[in-house]
Every structure is written in structure tokens, then in C-alpha cells.
Amino acid sequence: MILAMDGASTDLSIGLVEADGTPIGDDAWTSRQRQSSELLPRLLALLERHGRSLDETSAVAVSTGPGSFTGLRVAMALAKGLAFALGPPIVGVPGLPAWLDAEPDAEAAIARAGAREAYVLLRGDAEPMIADRDRLAERLAHSVVVAPAELAAAFDLTRARSPRSAIQVGRAAAERLGDGDGDDLARLEPRYLRAPRGVEASGGEASIRWL
């Protein structure tokens, strides 16, 4: 059984997936500042509802973002802690493609990148871009997109659907594990397209594309 979690935004989700990718169950909720106190209790409650236990864990899957700095770190810390304690492999899964997989008719997946900017992955694109609020509203305001509720409200995305992608994160992990090994527990990190405010970027921002 794969434990899967997505903490890349204020709309979080967790899921249980069989080793072959078959969904077992999931849970999703909105939380602005309580991710660290809610993720593990909700995961344990989900296991109990489905008659499963942590001892059955064959892998841990976690969204690597991009998205909320705090949310990504909290989910990554929990995923790493479970993988270290229980011993199974850990798999990092890009978050925006998982959001799109969960909503097949959505044109784009959008996560917050700042007060007036967002990370945007258009369906069919290999890599996300960054868009400012005005450009995003011009391009996608009336399109079906996947975006956290708080971002949709702030950026006037009238047809946004909240992300609920833990099952897709788990399925992607199952596919990867079927083809090989998981990620290095010590080296796996959230994927930030650019450094958070006040943190010096190691590779610069020259490669970031703008919508």
C-alpha cells in the first residue's frame, strides 16, 4: 500500500493506493496554517476508515510542488519521517501534472507563486511557467483550471476547481516503482521554480518561462 500526500497549497489531500496503483481511498480539506498538526492525524484516520495500518506501507509518495513553501516543507517532512521510520521507498511526484490528471478537462493547473504571481502548467506543456495576476486573468479567467480556492478567489478564476490529487500522486509513484527504484531519502526536496522571498537562489531564474 502506498501512502500519498499533497501539501502544495492550502487545499491539501491524502490518499491510499495499492502497490499496483488501484485507489483505496482519499481525503481532502482546506487549511491555511495548520498543515503540521492536521496531516498525520488525518492520514491515521484515513487508514482506520479503510481498515489499514502503517505496517502495510510499501511506499510513501509526496507532491514536490511547486507551490506553498510551508505546505510543501510540512508534507515533505512527514513523508520523509514515515519513510525513514517504516523503511519503504519514498517517491517525489511533480504536483501540477497530478492536479491535471485529477481533472481531465481542465486547461491548466495553477499554484500560488507570490502575492500577484502564480505557477501555471498548461495542459500539454512539459514544464510550468510563471504568470502575473493580470496576464493570468487575461488568459485563463474563464477557463476550467485546477487551483486552490484562495488563489482562485484572489485571481478571479471563475471556473477553478480545487486540487484533490493524492490518488494521482500515489498512482504516479506506483508507475515509477514498477519501472525502478524510488528517490534518495536524504536528497529529495520540494521543487521550487525560484527561491522563496529572502532566500538566495542557487541556480538563478534565467530558465524560468513567463506566460
Side-chain angles (χ1 to χ4, degrees), residues 1-103 109 111 146 148-149 161-192:
M1 174 187 67
I2 299 173
L3 306 180
M5 61 194 77
D6 178 4
S9 74
T10 52
D11 293 341
L12 299 92
S13 62
I14 53 175
L16 307 176
V17 176
E18 298 286 9
D20 64 359
T22 302
I24 299 171
D26 69 340
D27 186 17
W29 70 100
T30 297
S31 178
R32 286 188 175 271
Q33 296 178 332
R34 293 178 54 84
Q35 296 97 324
S36 59
S37 63
E38 292 176 344
L39 266 173
L40 183 56
R42 282 183 174 265
L43 180 59
L44 295 176
L46 181 64
L47 286 164
E48 184 176 0
R49 284 200 299 274
H50 291 276
R52 300 300 184 102
S53 71
L54 287 175
D55 293 339
E56 300 175 55
T57 304
S58 60
V60 180
V62 62
S63 168
T64 57
S68 161
F69 178 80
T70 300
L72 285 170
R73 301 299 294 187
V74 168
M76 183 67 69
L78 176 58
K80 285 192 169 192
L82 290 170
F84 179 79
L86 300 172
I90 188 170
V91 181
V93 175
L96 297 182
W99 291 10
L100 286 175
D101 286 346
E103 297 288 348
V146 189
R161 299 172 184 171
S162 295
R164 184 177 182 137
S165 65
I167 291 295
Q168 284 69 32
V169 170
R171 283 175 167 170
E175 185 174 346
R176 267 195 56 192
L177 290 168
D179 294 333
D181 298 327
D183 289 300
D184 185 294
L185 180 62
R187 295 180 179 274
L188 180 63
E189 292 287 343
R191 186 187 180 203
Y192 304 122

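Keep in mind that the numbers below use all heavy atoms, side chains included, and drop hydrogens, waters and symmetry copies.
Applying the side chain to side chain donor-acceptor pair (under 3.5 Å) test to every pair with at least one member in residues 11-21, sequence neighbours left out, gives these pairs: D11-T30, D11-S162, E18-R52, D20-T22. For the side chain to side chain donor-acceptor pair (under 3.5 Å) condition, the pairs that include at least one residue of residues 166-179, sequence neighbours left out, are R176-D183.
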- Using the side chain to side chain contact (heavy atoms under 4.5 Å, CB included) rule, take L82 and L3 through it: C-alpha gap first, then chi angles, then the decisive distance, then the call. CA-CA 9 Å; L82 290 170; L3 306 180; 4.1 Å; yes
- Item | Steps toward side chain to side chain contact (heavy atoms under 4.5 Å, CB included) verdict (V62, L188) | CA-CA 10 Å; V62 62; L188 180 63; 4.3 Å; yes
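The line from CG of D26 to NE2 of H50 is 7.5 Å long, rounded to the nearest 0.5 Å. Atom-to-atom distance recorded for L54:CG and M1:CE is 7.0 Å, nearest 0.5 angstrom. M5 contributes atom CE, which lies 6.5 Å from atom CG of L39 (distance to the nearest 0.5 angstrom). Rounded to the nearest 0.5 angstrom, R49 CZ and D27 CG are separated by 5.0 Å. The CD atom of E38 sits 12.5 Å away from atom CG of L78, with the distance rounded to the nearest 0.5 Å. Here CG of D101 is found 9.0 Å from OG of S165. Values are rounded to the nearest 0.5 Å.
Taking both residues in full, the closest heavy atoms of R161 and E103 are given as NH1-OE1, 2.9 Å, listed atom of the first, atom of the second, then distance. Nearest heavy atoms, T10 versus L12: O-CD1, 3.5 Å. Taking every heavy atom of both residues into account, L100 and A109 meet most closely at CD2-N, 3.7 Å. Of all the heavy atoms in L16 and I167, the pair that sits closest is O-CD1, 3.7 Å. Annotation for L46 and G25: closest pair CD2-O, 3.9 Å, computed over non-hydrogen atoms. Closest approach of V146 to W99, counting heavy atoms only: CG2-O, 3.7 Å.
S9 pairs with exactly one of S63, P148, S31, P66 by the side-chain contact (heavy atoms from CB on, under 4.5 Å) rule, that one being P148. Residue I2 is tested with P88, S58, P89 for a side-chain contact (heavy atoms from CB on, under 4.5 Å); the sole match is S58.
Contact check for T64 versus M76: side-chain heavy atoms found under the 4.5 Å cut-off. F84 places none of its side-chain heavy atoms less than 4.5 Å from the side chain of I90. Side-chain contact between Q35 and R73: absent, with no pair of heavy atoms (C-beta onward) separated by less than 4.5 Å. Annotation: side chain of V91 is not in contact with side chain of V60 (no heavy-atom distance under 4.5 Å).
Using a distance-only test at 3.5 Å, with no hydrogens or angles considered, no donor-acceptor pair links the side chain of K80 to the main chain of A75.
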